[in-house]
Amino acid sequence: MCGIIGYTGPRPAASVLIDGLKRLEYRGYDSAGLAVVAGGRIQQAKAVGKVKALEEAVAGSGALGSLVGCGIAHTRWATHGVPSEVNAHPHFDESGNFAIVHNGIVENYQELRRHLEARGCHFRSQTDSEVLAHLIAGAYEGDLLSATAAALEQVSGTYGLAVVSRHHPGMLVVARKGSPIVIGLGKNENFVASDIAPLLPYTREVIYLNDGDIAAVTAETIDLRNIKNVPVEREVAKIDWDAGVAEKGNFPHFMLKEIFEQPETIENAIRGRIDHEMGTALLNGMNLTARELAQITRIVIAGCGSSMHAGLVGEYYFEDIAGISTSVEQAAEFRYRNPIIEPNTLVIPISQSGETADTIAAVREAAAKGALITALCNVVGSTIAREAGRGIYLHAGPEISVASTKAFTSQVVVLLLYALLLGRNRRLNRADGNELACEIEAVPGLIRQVLKQAPKIREIAQRYAHCDDFFYIGRGCLYPTALEGALKLKEISYIHAEGYHAAELKHGPISLLDERHPVMALANDIPGKDKIIGNIQECRARKSPVVAVITEGDDSVRAFTDDVIEIPACSRFIAPLPTTVALQLFAYYIAVERGCEIDQPRNLAKSVTVE
Ligand code: M6R
């Protein structure tokens with residue numbers, strides 16, 4: 001949550017910062033601000049709302065837009081204090097000589113604030129972050145890096161921090177603990193940011209800070225230390241994403257672009273990972289021998305939101321295909337529940353961003369209990385990917401829209417590959433393994449067929465866009481698919497939507513059903529369909545309109561529904577993938593019809609880096 005960008009070099013700083021904030025806006029978008037050090041002073045601009053408002057403020061502020069120097073900027077998702085100009089970052093110390101932008105939470109800020117106020121500091125904002133500017137100014141004795149380190153020693157909580165000072169033109173100081181900071185390496189210029197998205201137009205070479213690292217960055221130099229002021233070395237990593245993949249192109253929204261990218265993103269997730277000769281999957285990033293795989297007796301999957309839903313689909317795969325007892329935990333629950341991890345338990349954290357606070361904590365809890373951990377992440381070099389040590393990247397490219405689409409389907413495909421590998425490692429024979437491998441390879445084609453139906457799905461969506469409530473029901477692997485479909489609808493269209501196991505309706509929720517409560521029934525022609533037909537009839541008997549996802553050409557459900565979305569025929573393991581794509585399109589077109597802010601829904605942010 002919240003995005004940071006910093007720049008030092010010969011370009012006009014504000015334009016690099018604003019361009020960077022636009023690419024970071026998906027991390028938070030209730031207010032934004034920047035500060036530029038040039039000509040012996042720090043100049044700033046802030047605005048409530050989107051980065052566009054900040055851009056206009058800078059344009060209206062005279063010279064600020066063209067100043068050459070160094071600067072920091074921030075786009076905010078409010079935690080402490082309402083979205084307002086005073087609460088927007090950067091924050092300043094009393095003298096105005098130091099400015100900071102901060103991601104994370106200063107947990108002891110009230111105590112620190114009381115001490116600082118007693119020493120005569122005046123606070124302007126309600127944020128926890130402002131204490132950092134005052135602490136740095138208080139610790140300053142001529143060295144900005146040391147002052148920042150001394151300030152951070154007093155802080156408990158998390159931070160991704162960038163600092164500038166009037167006393168050090170051309171210098172950015174950054175520090176990381178629990179909230180990512182990456183340094184982008186340029187020629188005669190350098191960048192700092194909270195993730196790589198804003199760096200893509202300028203460089204492919206980056207240094208990821210580790211927790212406890214602090215660095216002074218100028219256009220020519222990088223002085224990297226740990227918090228105890230001891231120099232440390234970090235690898236320079238190469239990024240293979242290009243800037244174009246983080247742009248909308250001809251699509252009206254990132255979400256639609258990302259929905260339509262899914263045939264390719266799934267091809268990328270599968271590429272090089274199928275061994276037809278052995279009828280198995282090749283997942284080298286896991287670095288586990290066949291013997292080590294054979295010793296796994298239990299799997300625990302941890303994640304949040306869509307990533308948890310992908311895990312719930314994976315639960316069916318691991319149990320059904322590999323015969324390994326599997327459970328899925330909401331990551332926050334896992335971290336606080338003192339989970340039981342036996343010697344041969346495999347923990348699979350799933351996270352698109354790799355920066356979700358609760359999932360990071362779950363990884364640490366699992367590591368502390370000695371679990372074998374293999375993470376599924378999309379963002380290369382993210383905290384979870386690095387802390388887990390072993391894992392499988394999704395290769396979905398940057399996912400910008402807050403609603404997860406292509407990352408979810410890649411997670412499901414990678415879980416299926418993982419189950420294939422574990423299945424072959426125990427009870428699946430080569431022919432059955434190969435059959436599943438061929439089904440997996442056919443997924444991009446199935447998704448292309450669903451995408452061709454976008455105009456028809458749009459028409460159906462328009463008929464339901466006025467609704468206030470929606471139920472989604474499914475069975476088997478389509479039960480978590482129903483949860484994911486309902487999540488998509490509620491987060492982008494603000495329609496209250498509930499996902500239920502179809503059998504659960506009768507245990508309470510059916511009391512709500514009437515003509516104002518439509519039901520989306522996932523009635524694909526896979527085992528469980530007959531039962532779903534019964535459930536659909538129960539809904540119809542209560543006058544609920546029913547939209548059903550069915551298998552192409554299957555007329556057995558059509559008679560009981562108001563509208564159908566047809567999915568190409570596929571097995572029960574594959575069905576969640578094309579079905580999810582249809583549900584994504586349905587949610588998207590409803591949100592379009594309702595005029596919603598699709599890529600940046602209210603109150604949300606792309607990565608949830610606080611508990
Ligand atoms: O980056 P992660 O996969 O860890 O994020 C987890 C959730 O925050 C995320 O899936 C969220 O639920 C999405 N907005 C769903 O569309």
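Note that ligands are numbered from 1 as they come in the structure, with each ligand's atoms numbered from 1 the same way. In this chain, numbering begins with 1 at the start of the sequence shown. Computed from a predicted structure; not experimentally measured.
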Would you please indicate if the ring centroids of Y588 and F586 are separated by under 6.0 Å?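 So the answer is no for these two rings.
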For F191 together with Y202, are the ring centres under 6.0 Å from each other?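 So the answer is yes for these two rings.
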Could you establish whether M308 and ligand 1 come within less than 4.0 Å of each other, counting only heavy atoms on the residue side?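 Heavy atoms of M308 never come under 4.0 Å of ligand 1.
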Sequence neighbours excluded - side-chain hydrogen bond (donor to acceptor under 3.5 Å, both in side chains) pairs with any residue from residues 408-419: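 Non-adjacent pairs meeting side-chain hydrogen bond (donor to acceptor under 3.5 Å, both in side chains): Q262-T409, S307-Q411, T374-Y418.
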Between R176 and Y159, is NZ or CZ placed under 6.0 angstrom from the six-membered ring centre and within 45° of the ring axis?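 No.
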Which ligand 1 atoms, with their elements, are less than 4.0 angstrom from a heavy-atom of [X]?
{"X": "K488", "result": "15 (C), 16 (O)"}
{"X": "S404", "result": "15 (C), 16 (O)"}
{"X": "S351", "result": "1 (O), 2 (P), 3 (O), 4 (O)"}

Give a yes or no on whether a salt bridge exists between E597 and R602, defined as a side-chain N under 4.0 angstrom from a carboxylate O.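 Salt bridge absent between E597 and R602.
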So, D358 and R337, do they make that salt bridge, N to O below 4.0 Å?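 No, no charged N to carboxylate O under 4.0 Å.
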What protein heavy atom sits nearest [atom], and how far off is it?
{"atom": "atom 7 (C) of ligand 1", "result": "C304 O, 3.6 Å"}
{"atom": "atom 13 (C) of ligand 1", "result": "V402 O, 3.8 Å"}
{"atom": "atom 16 (O) of ligand 1", "result": "E491 OE2, 2.3 Å"}
{"atom": "atom 8 (O) of ligand 1", "result": "V608 CG2, 4.0 Å"}
{"atom": "atom 9 (C) of ligand 1", "result": "S306 N, 4.1 Å"}
{"atom": "atom 4 (O) of ligand 1", "result": "T356 OG1, 2.4 Å"}
{"atom": "atom 1 (O) of ligand 1", "result": "S353 OG, 2.6 Å"}

Calculate, to the nearest 0.5 Å, the distance between atoms CD and OG belonging to E484 and S404 respectively.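 One gets 6.5 Å once the value is rounded to the nearest 0.5 Å.
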Report yes if some N/O of Q352 lies less than 3.5 Å from some N/O of ligand 1; otherwise report no.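 Indeed, backbone or side chain, Q352 has an N or O that close.
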With a 3.5 Å distance limit and no angle check, can you tell me whether E365 reaches the backbone of Y336 through a side-chain donor-acceptor pair?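 Pair absent, no side-chain N/O of E365 close to backbone of Y336.
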Can you list everything that forms a salt bridge (charged side-chain N to carboxylate O under 4.0 Å, His left out) with R458? Sequence neighbours excluded, please.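 Result, salt bridge (charged side-chain N to carboxylate O under 4.0 Å, His left out) vs R458: none returned.
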Minimum distance, heavy atoms only, to atom 12 (O) of ligand 1: which one of G305, G354, A403, S307 is it?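 Nearest heavy atom to atom 12 (O) of ligand 1 lies in G305.
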